[in-house]
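Below is one structure, written out as structure tokens, with a few remarks after it.
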2 protein chains.
Amino acid sequence: MPSRPTIRDVAARAGVTDMTVSRVVNRSGPVSEGVRRRVEQAIEELGYVPSRLARGLRSKRTLTIALVVSDITNPFFTTIARGVEDAASDQELLVMVCNTDESEEEETRYLGMLAGQNVDGVLLVPAKGAENACALAERRRLPLVLLERRIPGNAHSLVHCDVRSGARRMMEHLLKLGHREFALLTSPIGLTTADDRVEGALEALKGTGGRATVFSERLNRETSGKAVERWMALNPRPTAIFALNNLLTIGALKALRARGFRVPQDVSLAGFDDLPEPLLENPFLTVVSQPSYEIGKAGFELLLAEIANPGFAHREVMLQPELVIRDSCGSPTVFE
Amino acid sequence: MPSRPTIRDVAARAGVTDMTVSRVVNRSGPVSEGVRRRVEQAIEELGYVPSRLARGLRSKRTLTIALVVSDITNPFFTTIARGVEDAASDQELLVMVCNTDESEEEETRYLGMLAGQNVDGVLLVPAKGAENACALAERRRLPLVLLERRIPGNAHSLVHCDVRSGARRMMEHLLKLGHREFALLTSPIGLTTADDRVEGALEALKGTGGRATVFSERLNRETSGKAVERWMALNPRPTAIFALNNLLTIGALKALRARGFRVPQDVSLAGFDDLPEPLLENPFLTVVSQPSYEIGKAGFELLLAEIANPGFAHREVMLQPELVIRDSCGSPTVFE
DNA sequence: TTGTAGGCGTTATCAT
DNA sequence: ATGATAACGCCTACAA
């Protein structure tokens, strides 16, 4: 009942010591041609695979990183994950994925587990109040790069997207179409990135005579009907609705339709975050699209730098979102 | 410049040996109340987190598993991943995610990395020709559970979905609507699950006078126009198209529309695999929906059993898909 | 070019 | 209830 072969099993079979095998495996030293061949054959015959565990214990490198997001099921994060994994895979690194559901507690729990140095670094999309998690990483000297969301007063490296400009440009687009009355939909959890979006949108209004009302919404089957009523009860009634994240966008679309409002004939609807092209059954929604795949890739690169040079220069990468103009926004129409 | 504290740092600070600390941390032995408190305080003060690496090296358990899928970006796999991660998280296990893009080579590469025993087990959605990967796992005694797709003649535990019955039931539904001429769309890579779907669909036709033509398609912007022509050139022309996976379903819908065919007025379109409800902007597609979240959860449970009892009874779990009837299929209409 | 010694941070086992 | 010892599998440093 042979257990998994170790480096010493290989060594024995090849008639050398474990060090020689180690040299062959890692090309970390000179080995004569004949010995190399014998060792390689032994490795082959035994099906030897070096233990990353033991290796990590010595070298302090596990060749593994973690990606902590709120919900991998959200296509925005899914695409980030794919970007991270592709980049990591190129370097023969493995990636763990953790879902926090925006819970600070889960986040802290995960960072605790990850700090058990089974991971060389962490890519974190921080939940509200991620200070705990960051402090934990700091304490354990765990390289950490933030993704997508800032933490006020935090000095970690960060990859994010210029959502403020994205929101502003979308509003400018809507203004150009002739809209002046807006409803802005944002999520009730106070994320920096959500605030940035709101601010960007409002910025665009300055000196235009446009007006926006901000609604904090969590849309689901029960709440969405009432929400639509609130938006449309505004006086004057908004001609354009700008939903500041992807779930809100879809939620708003469904809710509006359910109440008999046609988009864009009755109201324009602009959104944030796109769905991957192959999943888009009906390219329709005009959105601010964030380069999520690139966020993942860039995050990985920064993390790699951080790992190689811990606490060196904390850097910030800001990517530009893209305005994707489709069919859900038109010129305002006047009712009755 | 203190490095990460080890169990011995804690021991020193608490005035005990590392073994005592170990006992406190793992509740693995008797510790007097006072000592326990001192140790706990030292742990707190130092911010000690046990090394999973060292732990794993000793105990042969890393409390980590891997999920290997073709593409995490496909919502079907994303949801599986979420199911796995939720279940794993309950047991304080971490999950690695790997994308193979259906490449046997990538799959083998990943299994090699994972076999470096930094993982207690693997959940694999096998690509075509995953025998290599399975053999590798076998050799390294790496617990492995297959997800979603069978491998002919393979003895590993398996969680999948009764796609044959799902496809059959969908066809029965279409027959009941009056359809007799079908186009079946399947992917060109020869997956067992794809074959099962085709067979299930054809089964339903027996003795009904219905007829189906099978097309192996890879739909993209270039190919899809010609593909539509092929389907619709059938004589008699199909009144219903059944796409056997989610990408084909969306692809077919877009392609048909682009060629001016309205769904369902001109052709009915049935699909496989659903999008998560919150992402469904416009619930429209009639589909066979697989319980992907549950596949993930069940897979994890099986893997846990496998880990606890390696090579015990290889089990198979088959979940039932659900017919989701929406608006993309109607009764056949006659042209010209 | 190859080998020896020792330790990375834990925990199993045996001893006190 | 606590401690001493060894070992998990590998690699760094040094020696031959």
* **Close side-chain approach of B/Glu148 to B/Thr193, heavy-atom, < 4.5 Å** =>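 In contact.
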
* **Side-chain touch B/Tyr293/B/Asp86, heavy atoms, less than 4.5 angstrom** =>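 Yes - at least one pair of side-chain heavy atoms lies under 4.5 Å apart.
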
Output the rounded distance in Å from [atom1] ([X]) to [atom2] ([N]).
X        : N      : atom1 : atom2 : answer
A/Arg27  : D/dC11 : CZ    : C1'   : 17 Å
B/Asn118 : C/dC8  : CG    : P     : 22 Å
A/Arg4   : D/dG9  : CZ    : C1'   : 12 Å

Are any of the side-chain nitrogens in [X] or [Y] under 4.0 Å away from the carboxylate oxygens of its partner?
X        : Y        : answer
A/Arg109 : A/Glu106 : yes
B/Glu306 : B/Arg315 : no
A/Arg149 : A/Glu102 : yes

* Given DNA chain D, 5'-ward residue of the pair B/Leu57 and B/Gly29, judged by closest heavy atom ->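 This one resolves to B/Gly29.
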
* To do: Would you mind reading off the bend of the helix from C/dT1-D/dA16 to C/dT16-D/dA1 from its two end axes, five pairs each, to 10 degrees?
  =>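 Answer rounded to 10°: the end axes differ by 40°.
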
* Drop me the distance from A/Asp120's CG to A/Leu114's CG, to the nearest 0.5 angstrom. =>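 So the CG of A/Asp120 and the CG of A/Leu114 are separated by 11.5 Å.
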
* Asked: Rounded to the nearest 0.5 Å, how far does CG of B/Leu111 lie from CZ of B/Arg140?
  ->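 The CZ atom of B/Arg140 sits 11.5 Å away from the CG atom of B/Leu111.
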
Which atom of [X] lies closest to which atom of [Y], heavy atoms considered:
X        : Y       : value
B/Val10  : B/Val39 : CG1-O, 4.1 Å
B/Leu93  : B/Ile65 : CD1-CG2, 4.0 Å
B/Lys297 : B/Gly83 : CG-O, 3.7 Å
B/Leu57  : A/Ala54 : CD1-CB, 3.8 Å

* Asked: Under a 4.0 Å heavy-atom cut-off, which of residues 31-41 of chain B touch DNA chain C?
  ->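 Those residues whose heavy atoms fall under 4.0 Å from DNA chain C, taken from residues 31-41 of chain B, amount to none.
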
* If a protein heavy atom is under 4.0 Å from the base, mark B; if only from the sugar-phosphate, S; if neither, -; do that for nucleotides 10-16 of chain C going 5' to 3'. => BBBB---

* Asked: Is any side-chain nitrogen or oxygen of A/Lys60 closer than 4.0 Å to OP1 or OP2 of D/dC11?
  ->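 Checking A/Lys60 against D/dC11: no side-chain N or O falls below 4.0 Å of OP1 or OP2.
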
